[in-house]
Colleague: 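Take this structure first; my questions come after.
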Amino acid sequence: MTTTRHGGPATAPARETGPAAAVLVPAALAIAAAAALAATFDGSMSPWLSGAASAAVGVAGALLARPARAGAPASRGSAPDAAPDAAPDDAAGFDERLVELRAMRLRDRERGALLDALADALVLVDAHGETRFANRAAETVLGEGASAAGTRRAVDALPPAVLRAVGGVLAGGVGASRRIECHRLDDESAPLVVLVVAIAAGDDAFAAIVARDVRAEREADRMKSEFVAKASHELRTPLASIRAYAEMLADGEIEDGVQRAECLATIQRETVRLSGLVDRMLDIQRIESGLSRAESAPVDLAALAAECVAEQRAAAEARRIALVLPRAVQGAVVQGDAGLLKQVLVNLVSNGVKYTPEGGRVEVEVDVDGLARTAVVSVRDTGIGIPEHARSRLFTPFYRVENHERFAKGTGLGLNLCRNIVERMHGGQIGVDSTVGAGSRFWFTVPMEQAGRKAA
Ligand code: ADP
């Protein structure tokens, strides 16, 4: 490349423009120009080119704006014409600037990588809405092609209010900002929160548009509202009957002693149900919010299953259900919280007993998957089974399969609590296989305490 001289006007501000600048400024500007041209011609500058353009503009700007070194003669755009005896100084200056340039490039690459690592779309636009720079996430958040510099694809992906906000903040001066809740024009299911901030004012004014896809947050909000609505409904039912019976007793409406005792028993039962419901809701809330911490100690799942089966046998026998533990391998030891894992087992076994007609069978199995290095616990019943459409919703709060109410009362929170304990607190998995009318197999896995344990 030949060195180009810059014969600036005599009144130009003092700048150090040695050979490095003489070579690199045009080079940098050339890259910027190439990038701009590419954008102008094909209208789809690739993200790397737009990055290169901003890097180039940054490098050129930094070199041109660099103040003169203290003690150095103030050049007025005529450094290349300097006297030959300035050569050693120029050579030293050249090296120095090469080092600076490398450092600048590195910083630029780092900044580019940082912006590309953001999950939010970041787009710099001018007053007309033309993109100057866009990070990688612009493509995912705003749609394909939205990162093309020199085009209006980013603002065109958004409602007109965003472009109006760009004009508004630029009129307001540097730092002025607006927040807009909207969605992509081509995708109503993609809710966005957009922040528009004025970055530079004057003739070369531009603004930053930061767009965040808030689909996950909206879904979480929706689920929370649903939880609150269902919880209120579930709490209202026992409360209503407690209130009704208490009022009847208070008004002296029930004179018969036996009936009064029945009323009191109902109140007691509903109160127990109510507090069980509240306890479960609090357990789930504590786990989901991370307030609950699982203990971490070796837990022998075979021993835990035997304990649980022994405790539940009476309830099973009362319904003439055979509750058995035919297979429990030695060495199914996991690192976890025995109390919580027992809660899972109790819930699955009691569900098996609840939803199996008299004369049926509930089997608990404890096994080890040596390959996956997990312990596997299954609770198999010969019960009523679960229709396919219900299986994916079974572990969500308050879900109960329609018509199952006639078999047993419940809260619809047990399986959700199980999933939280297994998956969130122990890093395992929980699932179900079922055939309507034939029975179900609920299973859960927990990673093994140590690698390489084998089934005995
Ligand atoms: P609950 O049993 O208190 O209603 P769960 O969360 O434990 O709450 O279970 C949710 C729903 O899943 C139950 O209402 C029932 O419809 C269904 N279910 C759970 N276990 C079984 C099972 N073993 N067989 C058939 N249905 C079951």
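Both counts, for ligands and for their atoms, begin at 1 and track the order of listing.
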Colleague: For atom 3 (O) of ligand 1, what's the nearest protein heavy atom and its distance?
Modeller: Thr411 N, 2.8 Å
Colleague: Sub-3.5 Å donor-acceptor pair from the side chain of Glu130 to the main-chain atoms of Val125, do we have one?
Modeller: no
Colleague: Counting heavy atoms only, name the option from Thr396, Asn351, Val349 that's nearest to atom 7 (O) of ligand 1.
Modeller: Asn351
Colleague: Parallel, tilted or perpendicular: which one describes the rings of Phe442 and Phe395, with boundaries at 30° and 60°?
Modeller: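 Phe442 vs Phe395 ring planes: perpendicular.
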Colleague: May I ask you to decide whether Glu388 forms a salt bridge with Arg391, counting only side-chain N to carboxylate O separations under 4.0 Å?
Modeller: no
Colleague: Does at least one non-hydrogen atom of Gly383 fall below 4.0 angstrom from an atom of ligand 1?
Modeller: no
Colleague: Which protein heavy atom lies closest to atom 5 (P) of ligand 1, and at what distance to 0.1 Å?
Modeller: Leu415 N, 3.6 Å
Colleague: Using a heavy-atom cut-off of under 4.0 Å, does the side chain or the backbone of Arg400 touch ligand 1, or both, or neither?
Modeller: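 The part of Arg400 near ligand 1 is both the backbone and the side chain.
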Colleague: Closer than 4.0 angstrom, basic N to acidic O: yes or no for Glu311 and Lys342?
Modeller: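 Yes.
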Colleague: Does only the side chain of Asn347 get under 4.0 Å from ligand 1, or the backbone, or both, or neither? Count heavy atoms.
Modeller: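 Near ligand 1, Asn347 shows its side chain, while the N, CA, C and O stay back.
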Colleague: What about Arg280: any of its N or O atoms under 3.5 Å from an N or O on ligand 1?
Modeller: no
Colleague: Please check this pair: side chain of Arg260 against backbone of Glu255, looking for a donor-acceptor N/O pair closer than 3.5 Å.
Modeller: yes
Colleague: Starting from atom 21 (C) of ligand 1, find the nearest protein heavy-atom neighbour and note its residue, name and distance.
Modeller: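 Answer, as residue, atom name and distance: Tyr355 CD1, 3.5 Å.
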Colleague: Indicate, as side chain, backbone, both or neither, the part of Phe442 found under 4.0 angstrom from ligand 1 when only non-hydrogen atoms are considered.
Modeller: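 Only the side chain of Phe442 comes within reach of ligand 1.
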Colleague: Short question: side chain of Glu295, backbone of Ala338 - any donor-acceptor pair under 3.5 Å?
Modeller: no
Colleague: Quick check: does any side chain N or O of His426 sit under 3.5 Å from a backbone N or O of Pro447, one acting as donor and the other as acceptor?
Modeller: no
Colleague: To which protein heavy atom is atom 1 (P) of ligand 1 closest, and what is the distance rounded to 0.1 Å?
Modeller: Gly412 N, 3.5 Å
Colleague: Give a yes or no on whether the backbone of Thr445 and the side-chain of Gln429 come within a donor-acceptor separation of less than 3.5 Å.
Modeller: no
Colleague: Any nitrogen or oxygen of Lys354, side chain or backbone, less than 3.5 Å from one on ligand 1?
Modeller: yes
Colleague: Applying a 4.0 Å heavy-atom criterion (strictly less than), which segment of Val401 is in contact with ligand 1: side chain, backbone, both, or neither?
Modeller: both
Colleague: Could you identify the single nearest non-hydrogen protein atom to atom 12 (O) of ligand 1 and state the distance to 0.1 Å?
Modeller: Leu394 CD1, 3.4 Å
Colleague: Just to confirm my output: which protein heavy-atom neighbour is closest to atom 16 (O) of ligand 1, and how far is it?
Modeller: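 Looking only at protein heavy atoms, the one closest to atom 16 (O) of ligand 1 is His404 ND1, 2.8 Å.
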Colleague: Would you say Tyr399 and ligand 1 have an N/O pair spaced under 3.5 Å apart?
Modeller: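 By distance alone, the answer is no.
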Colleague: Considering only heavy atoms, does Val379 approach ligand 1 within less than 4.0 Å through its side chain, its backbone, both, or neither?
Modeller: neither
Colleague: How about Glu365 and Ser378: does a side-chain donor come under 3.5 Å of a side-chain acceptor?
Modeller: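 No pair is found: no donor N or O on one side chain lies under 3.5 Å from an acceptor on the other.
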Colleague: Which atoms from ligand 1 have a heavy atom of Leu413 less than 4.0 Å away?
Modeller: 6 (O), 8 (O)
Colleague: Which ligand 1 atoms, with their elements, are less than 4.0 angstrom from a heavy-atom of Asp381?
Modeller: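 Near Asp381, meaning under 4.0 Å from one of its heavy atoms, ligand 1 has 22 (C), 23 (N).
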Colleague: For ligand 1, which atoms have a heavy atom of Gly410 less than 4.0 angstrom away?
Modeller: 1 (P), 3 (O), 4 (O)
Colleague: Any side-chain to backbone donor/acceptor pair from Arg152 onto His128? Under 3.5 Å, distance only.
Modeller: yes
Colleague: Is there a donor-acceptor contact under 3.5 Å from the side chain of Arg132 to the main chain of Asp126?
Modeller: no
Colleague: Checking Asn135 side chain against Leu122 main chain: does a donor-acceptor pair fall under 3.5 Å?
Modeller: yes
